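To start, the structure itself, in structure tokens.
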Amino acid sequence: MALRLWNTLENRLVEVEPVKAGEIRMYNCGPTVYSDPHIGNFRSFLLGDLLRRAFDQRGFKTTQVMNITDVGHLTTDDVADASGEDKLEKKAKEEGLDPFEIALRYEQMFHENASQLHLVKAHEYPRATDHIPEMIQMIEQLLERGHAYAVKDVGVYFRVHSFEKYGGLSGNTLENLDSGSRIEVDERKESAHDFALWKIDDKHLMQWDSPWGRGFPGWHIECSAMSLKYLGGTFDIHTGGEDNIFPHHECEIAQSVGAGVGEFARIWVHARHLLVDGQKMSKSKGNFYTINDLVERGFSGHEIRYSLICNHYRQPMNFTIDGMDGDTKAVQRLRTLRKKLEEASVGSAADTEVDAPLEESMRQFDACIDDDLNLSGALGVLHDRVRALGRDLPEGSAALRALEFLRHCDQILGVIFVEDESPTVPLTDSQQQLIQRRETARAEREWSLADEIRDQLLAEGILIEDGPTGTTWSHQR
RNA sequence: GGCGGCAUCGCCAAGUGGUAAGGCACGGGUUUGCAAAACCCGCAUCCCCGGUUCGAAUCCGGGUGCCGCCUCCA
């Protein structure tokens with residue numbers, strides 16, 4: 001059974017049939033690098049990662065490209081300035097750095113967070129600023145084909161009326177846009193809905209030469225130009241957050257198809273936004289979480305990852321710290337089983353015997369993933385099996401086979417076998433001594449002393465657990 | 001005003017015609033020196049009204065509520 005995905009372009013579930021047999025070429029809309037990436041950004045990036053993992057696991061030769069948007073874009077959202085200042089420049093002024101330094105810094109932050117959340121590395125992370133010539137070339141093609149027009153000292157616009165299919169992705173056809181219009185018409189544009197391909201504005205810090213004067217590219221053109229360069233004019237999958245559907249992706253389609261480079265992306269997959277505490281995440285509401293915020297609260301990367309992927313990507317997700325606490329327990333249980341199985345299988349040789357229940361669970365797990373990345377369903381299957389394995393813990397080769405099953409699931413999930421990336425703070429000498437003294441006390445059945453020491457260590461953030469194979473310690477959140 | 005989506009246990013959430021997965025929380029147990037972990041048992045008839053059907057959370061119609069997008073946004 002092939003993987004099926006909800007294609008925003010057709011508004012239906014479609015089977016993934018690669019343009020080129022056995023190969024998947026995928027473009028993920030990546031981060032805009034002028035602030036710390038937040039959990040909402042990562043919900044979208046994780047959608048790309050889950051697809052990548054699913055295709056890899058199914059044996060496709062996958063090429064994954066994620067852009068880095070390091071050209072700032074006009075902003076009107078920050079209440080402080082409704083003037084349309086560039087976000088990168090705004091940040092640059094605030095921090096007294098040049099925009100390229102700001103961009104680079106946040107790009108590094110993005111990669112760091114991505115690695116904390118165990119995203120598989122994409123094959124390319126092209127930066128917009130490294131592809132200005134490619135963008136200029138595409139704009140020239142659009143001008144030649146009559147899909148664009150230049151306005152002296154202003155820039156170049158895409159002529160939306162020249163592109164019949166405009167609105168095909170979002171439903172915002174020109175007719176619909178007109179009837180619901182709330183935009184002020186810019187006199188220099190032929191149509192209110194025409195969007196910028198190249199902008200000229202002296203005040204901008206980031207500037208490049210172009211046939212139309214020194215300026216900077218419009219927001220949408222980078223994805224059209226870079227996807228063409230790295231994936232070709234027709235490729236399989238394009239992903240992003242739901243807010244990208246319009247205008248960003250709609251405009252990308254118009255540009256790429258208009259430039260005559262091919263069919264562009266066949267399947268468009270969009271992640272719904274997540275809410276925090278039932279409301280849209282925003283800094284002013286105080287419900288805005290970056291990955292770093294959660295790390296500071298003591299959550300591990302794999303815990304954050306689990307929490308962000310355990311819901312269906314097409315359902316609005318309500319993120320809460322209480323929910324994260326619960327998800328943390330769930331993922332801990334998976335990792336505990338892994339540890340127990342590893343201990344139970346030490347020294348055993350793999351064999352080829354098949355455990356029918358494991359096979360069945362694996363089949364069901366895969367079927368859920370194939371069904372539009374039904375992670376909730378897949379996790380249900382996994383947890384069912386985990387409970388059964390915990391009830392009657394296999395040993396030896398059977399434990400190895402159970403581990404194989406977990407590993408199979410974790411090729412998608414990426415939360416069970418990943419190393420805990422939080423820095424391991426070693427025990428202090430006095431803490432080690434306390435543990436020693438407690439061991440002695442327990443051996444002498446001095447329970448009250450043992451309990452006292454355990455409490456003391458807990459107060460210092462060290463969690464002591466006595467198991468059948470001995471006492472272990474770990475850092476308590 | 002235009003386009004689109006959602007409504008299932010205290011919370012998160014799967015299930016798209018055959019009689020309600022799973023996780024967290026909660027209550028009761030087993031185990032443990034005690035705890036932790038693990039395991040066992042318990043815990044919903046699916047927003048409302050009407051219709052189709054032998055049978056609906058699932059399909060249709062009508063309500064109600066909530067959310068996203070409409071050129072800042074993952």
Side-chain angles (χ1 to χ4, degrees), chain A residues 8 11 28-32 37-48 72-78 82 84-85 87 167 170-173 175-183 192-196 218-220 239-248 250-251 270-275 278-282 306-307 310-312 314-320 322-333 336-337 339-340 364 368 374-384 386-388 390-393 442 445-448 450-451 454-455 458 463-468 472:
Chain A
T8 309
N11 245 306
N28 305 134
C29 262
T32 41
H38 56 71
I39 54 177
N41 298 127
F42 268 95
R43 175 145 144 108
S44 162
F45 305 152
L46 281 164
L47 164 63
H73 291 292
L74 295 185
T75 178
T76 50
D77 61 339
D78 295 295
E85 191 175 7
K87 283 188 170 170
S170 61
N172 286 333
T173 58
E175 202 176 52
N176 287 338
L177 282 170
D178 283 337
S179 65
S181 179
R182 65 178 198 199
I183 329 166
H193 309 302
D194 289 349
F195 56 91
W219 173 31
H220 316 301
T239 71
E242 60 174 330
D243 57 312
N244 282 153
I245 297 171
F246 191 89
H248 189 50
E250 192 71 63
C251 295
H270 292 101
R272 289 228 42 178
H273 278 175
L274 57 71
L275 304 173
Q279 292 190 298
K280 187 169 175 173
M281 183 166 61
S282 75
Y306 184 92
S307 201
C310 68
N311 298 319
H312 192 103
R314 221 150 33 75
Q315 290 292 124
M317 169 189 173
N318 185 21
F319 180 92
T320 61
D322 282 350
M324 258 238 66
D325 284 333
D327 293 335
T328 295
K329 292 267 172 57
V331 71
Q332 222 60 269
R333 188 156 153 256
T336 301
L337 177 67
K339 282 195 199 94
K340 289 184 176 178
Q364 287 176 8
C368 286
N374 181 356
L375 265 292
S376 312
L379 287 168
V381 173
L382 174 59
H383 279 289
D384 267 343
V386 164
R387 184 162 16 84
R391 180 188 311 143
D392 190 11
L393 195 75
R442 289 188 73 224
R445 307 181 71 82
E446 289 187 44
W447 307 125
S448 58
D451 292 351
R454 184 169 60 195
D455 290 345
L458 188 61
L463 181 67
I464 297 296
E465 292 170 292
D466 304 318
T472 61

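Small disclaimer: the values here were computed from a predicted structure and weren't measured. In what follows, every chain begins at residue 1, and chains take the letters A, B, ... in the order their sequences are listed.
OP1 and OP2 of A38(B) both lie 4.0 Å or more from every side-chain N or O belonging to Arg387(A). The shortest distance between the side-chain N/O atoms of Lys329(A) and the OP1/OP2 oxygens of A25(B) is below 4.0 Å. A sub-4.0 Å separation between OP1 or OP2 of A74(B) and a side-chain N or O of Asn41(A) is present. Distances shorter than 4.0 Å separate none of the side-chain N or O atoms of Ser376(A) from OP1 or OP2 on C12(B). A close approach under 4.0 Å does occur between a side-chain nitrogen or oxygen of Arg333(A) and OP1 or OP2 of C39(B).
A straight line from CZ of Arg391(A) to C1' of C40(B) spans 9 Å, rounded to a whole angstrom.
Only the C1' atoms considered, A13(B) is 13 Å distant from A44(B), to the nearest whole Å. One P atom belongs to G55(B), the other to G50(B), and the distance between them is 16 Å to the nearest Å. Of the C1' atoms belonging to A7(B) and C41(B), the separation is 32 Å, rounded to the nearest Å.
For the pair Trp447(A) and Ala378(A), nearest-nucleotide mapping onto RNA chain B gives the more 5' position to Ala378(A).
Every side chain to side chain donor-acceptor pair (under 3.5 Å) that Asp384(A) has, sequence neighbours left out, goes to Arg387(A).
A 3.5 Å limit on both hydrogen-bonding distances identifies no Watson-Crick or G-U partner for U58(B). Using Watson-Crick or G-U wobble geometry with both donor-acceptor distances under 3.5 Å, A44(B) finds no partner in any strand shown.
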